[in-house]
Amino acid sequence: MLALAVRNLVKTYPNGVQALRGVDLEVPEGDFFALLGPNGAGKTTLIGIVTSLVTKTSGTVEVFGSSIDTALEQAKAHVGVVPQEININYWDSVYNIVTTQAGFYGMTPRQARERAEACLEQLQLWDRRRDSGRELSGGMKRRLMIARALMHQPRLLILDEPTAGVDIEIRRSMWEFLREINAAGTTIILTTHYLEEAENLCRHVAIIDHGQIVERDDMASVLRKLHAETFVLNLREAISTAPVLSGYSVERVHDHEIEVEVTKDQDLNEVFAGLSAAGLHVVSMRNKSNRLEELFLRLTAREPAE
Ligand code: ADP
């Protein structure tokens, strides 16, 4: 069963901005999935459509088999969302904030009370239930938004930048919690600017850029790519085929140029030695910019938001 199936999704905002240009994305049930991409890539728009806050221009979205076009209420019931911006009512009590949410999903007062206790306990906020939103620390506000999103027991939890601006200790305890609920069966999709976060938590990853998915793979494969660097070497001698260097992937670009992929635990000296042994001399060398690598560099170099 797919938790999320997005097909050829297009969103053009009224001002003409094409935020999504035909997105295809599948997230299997039980997955822990990272949606990565630079600012303005279309992540929030995509999440907005899945959670019916944004109307799509065309394409289809199904959540656990329920289409947002033909079975919107079921689709909505399957999803819980934790937005990027803190959007709790600062003057309402913690308890009211979660029980009000229950009302939107047609839960009875009794169900709401039971779920409120369970969710607030789970996120260590039960003792703070009488406090108002403004009395909570930043980390508690984020936990409260998670508790609120879990009230109706969604099968899919979507978190938009859940730990932006949160200190490392709170980040780690949130990771722990997310891992637990994923292990208990909740499918999780998160967007993040922290590669470390995605690496620690997620099994699969999609990278979105300019409204299109540019990469979709398991996390280990993406990280392998990330750990490799491609060098372009200019040779004094002309070659008709790529030289063979044991352990390295070498490609001939033209007569005097080759590309060599070097992983972080390999050694460029070995490449030079191997070429030299084959009678080839390197005249100059440069990095080949790798789109994925660049994308990640941009992502990981960013300062935390807030
Ligand atoms: P991300 O979440 O990856 O940063 P967004 O989905 O917020 O990306 O934005 C994708 C593109 O759509 C950006 O160019 C952004 O400026 C534009 N955009 C987002 N929301 C609106 C809106 N309400 N009206 C017009 N353009 C928008």
Side-chain angles (χ1 to χ4, degrees), residues 3-27 31-63 68-69 72 75-76 79-88 141-142 145-146 149 156-166 171 174 178 187-199 201-202 204-217 219 222 226 291-306:
L4 181 65
V6 172
R7 310 234 190 273
N8 202 14
L9 191 61
V10 172
K11 173 64 187 182
T12 308
Y13 282 106
N15 63 358
V17 173
Q18 264 210 307
L20 300 178
R21 301 160 189 260
V23 166
D24 288 299
L25 190 65
E26 289 189 348
V27 178
D31 207 351
F32 206 135
F33 193 93
L35 182 64
L36 305 183
N39 261 334
K43 302 180 296 295
T44 309
T45 302
L46 177 57
I47 290 175
I49 294 171
V50 173
T51 54
S52 61
L53 295 171
V54 176
T55 53
K56 64 188 165 69
T57 304
S58 61
T60 62
V61 175
E62 285 181 8
V63 188
I68 62 166
D69 294 315
L72 182 60
K76 274 164 89 168
V79 190
V81 65
V82 181
Q84 196 175 124
E85 305 294 333
I86 290 175
N87 68 346
I88 55 173
K141 289 187 186 102
R142 290 204 176 267
M145 293 204 298
I146 299 179
L156 170 63
L157 181 66
I158 303 180
L159 304 108
D160 195 0
E161 297 272 346
T163 63
V166 170
R171 185 175 306 164
M174 275 172 66
L178 294 176
T187 307
I188 299 182
I189 299 177
L190 61 82
T191 75
T192 181
H193 274 106
Y194 302 109
L195 188 57
E196 193 202 353
E197 180 156 281
E199 190 176 351
L201 293 174
C202 300
H204 291 104
V205 56
I207 298 170
I208 183 168
D209 198 16
H210 293 108
Q212 281 178 323
I213 303 289
V214 294
E215 181 83 32
R216 160 80 169 87
D217 215 332
M219 187 55 84
V222 171
L226 192 60
R291 198 165 47 147
L292 187 69
E293 182 103 54
E294 268 183 9
L295 190 55
F296 271 109
L297 280 178
R298 261 192 286 159
L299 291 173
T300 51
R302 270 176 48 104
E303 291 298 313
E306 285 185 28

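Counting starts at 1 for both ligands and their atoms, in listed order.
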I need the nearest protein heavy-atom contact for atom 25 (C) of ligand 1: residue, atom name and distance, please.
Asn15 ND2, 3.2 Å

For Ile188, the option from Leu156, Asp31, Leu178, Ile158 that meets side chain to side chain contact (heavy atoms under 4.5 Å, CB included):
Leu178

Quick one: nearest non-hydrogen protein atom to atom 12 (O) of ligand 1, plus distance?
Ala19 CB, 3.4 Å

Any non-hydrogen protein atom below 4.0 Å of atom 19 (C) of ligand 1?
yes

Protein residue, atom and distance nearest to atom 10 (C) of ligand 1, heavy-atom basis:
Gly40 O, 3.4 Å

What is the nearest protein non-hydrogen atom to atom 7 (O) of ligand 1, stated with its residue, atom name and distance?
Thr44 CB, 3.7 Å

Decide whether Thr163 and Glu197 meet the rule of one side-chain donor and one side-chain acceptor closer than 3.5 Å.
yes

So which atom in Pro83 and which in Arg142 form the shortest heavy-atom distance, rounded to 0.1 Å?
O-NH1, 4.4 Å

Decide whether the shortest distance between a heavy atom of Pro38 and an atom of ligand 1 is less than 4.0 Å.
yes

Identify which one of Arg7, His204, Arg216 satisfies the side chain to side chain donor-acceptor pair (under 3.5 Å) criterion when paired with Glu26.
Arg7

For ligand 1, which is the ligand I care about here, please tell me if Ala41 has any N or O atom under 3.5 Å from one of the ligand's N or O atoms.
yes

Identify the closest protein heavy atom to atom 6 (O) of ligand 1: which residue and atom is it, and at what distance?
Thr45 OG1, 2.5 Å

Starting from atom 16 (O) of ligand 1, find the nearest protein heavy-atom neighbour and note its residue, name and distance.
Val17 CG1, 4.9 Å

Got the closest protein heavy atom to atom 23 (N) of ligand 1, with its distance?
Tyr13 CE2, 3.5 Å

Write out the residue and atom name of the closest protein heavy atom to atom 8 (O) of ligand 1, then the distance separating them to 0.1 Å.
Gly42 N, 3.1 Å

